[in-house]
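Below: one structure, written as structure tokens.
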Amino acid sequence: MPELPEVETIVRGLRAAVVGRRILGVRFGKTDFVAEPAVIAERLPGSRIASVERYGKFIFLVLEPAASEGARCYFFIHLGMTGQIIPRTSGSPIAPHTHVFFELDDGRELRYTDIRRFGQMMLVPESAMEAFRTKLGPDPLEITETDFLALFRARTARVKALLLDQSVLRGMGNIYADESLWRARLHPARIAANLKSAQLVALHRAVRKVLEDAIRLRGSSISDFLDAEGQPGEYQLHHRVYDHAGKPCPRCKTTIRRIVVAGRGSYFCPRCQAPPRKTSRPPHKRRSAPK
DNA sequence: CTTACGGCCTGGGTGC
DNA sequence: TGCACCCAGGCCGTAA
């Protein structure tokens with residue numbers, strides 16, 4: 001569920017709520033999405049939350065060790081599709097699918113809830129941070145126009161697949177890819193290398209505009225996004241095409257369609273966003289019948 | 001190297 | 001009411 005604007009909203013909320021707090025203990029429910037839970041349960045207690053940051057769709061807590069000895073470390077949380085992380089008073093009712101509890105020194109606990117458990121948690125030592133960072137592409141809000149164009153120039157993948165690829169740009173997801181492509185009037189299945197510079201410039205601007213507007217409205221709440229205060233966002237009220245199949249395009253009134261591109265439901269206006277002229281890719285192989 | 005696709009997990013909605 | 005099926009904001013491993 002959460003893409004860059006939702007994660008940014010959560011990070012801002014967590015900053016206000018938990019920076020400066022000390023972690024007293026960690027308790028787990030299911031741990032199949034946690035890297036080395038035993039190490040986490042041993043290392044985190046006693047540490048102080050020095051800051052909360054976003055890196056693409058990852059949230060990370062910068063943790064200072066209890067005493068002067070020990071190195072600071074970085075605790076990464078990825079929310080996957082259905083993850084939520086919200087501070088609650090200890091003893092308050094526990095939502096179903098809550099699997100991690102970080103007990104704080106002020107009588108509250110940070111709770112991690114994740115229905116589908118597509119999220120991730122891991123402790124990253126300082127020495128591994130550089131390797132971690134370089135696996136992801138630039139931030140779509142920071143990249144220059146020149147660098148943005150260079151990302152798409154020599155790529156034969158569909159433009160939407162590249163927008164969703166975190167090693168190309170960090171933070172875009174399915175909603176904001178579709179909304180950006182609509183603004184830029186580009187069909188999601190267009191081959192990136194076939195796009196003109198002006199079209200890529202338009203895409204860069206669209207991405208920035210969509211993400212900035214979405215952050216301003218505290219993200220999109222489709223079914224279960226809640227920020228760190230447990231509040232929904234409002235950008236879903238401003239979606240132009242996402243989940244709008246059958247509704248009129250806000251620009252030209254043509255009926256919005258849903259197709260599958262890069263394995264994801266993709267919403268677009270068949271008139272504003274002209275399909276690729278001719279597929280230069282090999283014809284679709286017919287799937288053989290299962291078994 | 002690059003691209004495409006099934007799988008992971010649970011729940012909500014739809015149609016029979 | 002039940003059941004089968006499809007869909008969901010993400011990403012990883014594997015195959016071609």
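These values consider heavy atoms only, across backbone and side chains, with no hydrogens, waters or symmetry-generated copies. Throughout, a chain's letter reflects where its sequence line sits, starting with A, and its residues are numbered from 1.
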Roughly how many Å is it from [atom1] in [X] to [atom2] in [N], rounded to a whole number?
X: A/Gln84; N: B/dT10; atom1: CD; atom2: C1'; result: 14 Å
X: A/Met121; N: C/dG10; atom1: CE; atom2: P; result: 18 Å
X: A/Phe33; N: C/dG10; atom1: CZ; atom2: C1'; result: 15 Å
X: A/Asp243; N: B/dG12; atom1: CG; atom2: C1'; result: 13 Å
X: A/Arg117; N: C/dC11; atom1: CZ; atom2: C1'; result: 16 Å
X: A/Asp165; N: B/dC5; atom1: CG; atom2: P; result: 15 Å
X: A/Gln120; N: B/dC8; atom1: CD; atom2: P; result: 17 Å
X: A/Asp32; N: B/dT10; atom1: CG; atom2: C1'; result: 12 Å

Are A/Arg216 and A/Asp213 close enough for a salt bridge, meaning some N to O gap below 4.0 Å?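 Yes, A/Arg216 and A/Asp213 are salt-bridged.
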Electrostatic pair A/Arg72:A/Glu126 at N-O distance under 4.0 angstrom: no
Given [options], the nucleotide with the shortest approach to the side chain of [X]:
X: A/Glu3; options: B/dT10, C/dC11, C/dG9; value: C/dG9
X: A/Thr156; options: B/dA4, B/dG11, B/dT2; value: B/dT2
X: A/Ile115; options: B/dT3, C/dG10, B/dT10; value: B/dT10
X: A/Ala157; options: C/dG10, C/dA8, B/dT3; value: B/dT3
X: A/Met81; options: C/dG10, B/dT3, B/dG11; value: C/dG10
X: A/Ile175; options: B/dT3, C/dA8, C/dG9; value: C/dG9
X: A/Ile222; options: C/dG9, B/dG11, B/dA4; value: C/dG9
X: A/Arg258; options: B/dG11, C/dC11, C/dA8; value: C/dA8
X: A/Phe118; options: C/dC7, B/dT2, B/dC8; value: B/dC8
X: A/Arg116; options: C/dG9, C/dC11, B/dC9; value: B/dC9

Considering every strand and a 4.0 Å limit on heavy-atom distances, what is the contact class for [X]: base, sugar-phosphate, or nothing?
X: A/Gly173; result: sugar-phosphate
X: A/Gly119; result: nothing
X: A/Lys135; result: nothing
X: A/Tyr176; result: nothing

OP1 or OP2 of [N] versus the side-chain N and O atoms of [X]: is any pair under 4.0 Å?
X: A/His97; N: B/dC9; answer: no
X: A/Arg264; N: C/dG10; answer: yes
X: A/Lys30; N: B/dC8; answer: no
X: A/Lys57; N: C/dC11; answer: yes
X: A/Gln166; N: C/dC11; answer: yes

With ring pair (Phe, Tyr, Trp, His ring centres under 6.0 Å) as the criterion, how do A/Phe33 and A/Tyr112 come out once you've worked through the C-alpha distance, each side chain's angles and the decisive distance to 0.1 Å? CA-CA 12 Å; A/Phe33 60 97; A/Tyr112 180 78; 5.5 Å; yes
Not counting sequence neighbours, which residues clear side chain to side chain contact (heavy atoms under 4.5 Å, CB included) with A/Glu42? List them please.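 Here no residue qualifies.
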Looking at A/Gln231, A/Glu6, A/Glu8, A/Glu229, which one forms a side chain to side chain donor-acceptor pair (under 3.5 Å) with A/Arg218?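 Looking at A/Gln231, A/Glu6, A/Glu8, A/Glu229, the match for A/Arg218 under the side chain to side chain donor-acceptor pair (under 3.5 Å) is A/Glu229.
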Given A/His239, A/Gln236, A/Glu234, the one that forms side chain to side chain donor-acceptor pair (under 3.5 Å) with A/Ser220: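 Per the side chain to side chain donor-acceptor pair (under 3.5 Å) rule, the option paired with A/Ser220 is A/His239, out of A/His239, A/Gln236, A/Glu234.
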Taking only distance into account, with no hydrogens and no angle test, what donor-acceptor pairs under 3.5 Å do side-chain atoms of residues 250-257 of chain A form with protein atoms, sequence neighbours excluded?
unit_1, atom_1, unit_2, atom_2, d
A/Arg251, NH1, A/Trp182, O, 3.1
A/Arg251, NH2, A/Trp182, O, 2.8

What class does the angle between the rings of A/Tyr235 and A/His238 fall in, given that below 30° is parallel, 30 to 60° is tilted and above 60° is perpendicular?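 Ring orientation of A/Tyr235 relative to A/His238: parallel.
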Rounding to the closest angstrom, what is the interatomic distance between B/dT3 and C/dG9 at atom C1'? 23 Å
Expressed as a whole number of Å, how far does the C1' atom of B/dG6 sit from that of C/dC6? 16 Å
Less than 6.0 angstrom separating the ring centers of A/Phe132 and A/Tyr74, yes or no?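 They do not qualify: ring centres at least 6.0 Å apart.
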For DNA chain B, please output the secondary structure as dot-bracket, reading 5' to 3'. Pairs are Watson-Crick or G-U wobble, both atom distances under 3.5 Å; mark crossing pairs with [ ], other-strand partners with |, unpaired with a dot. .|||||||.|||||||
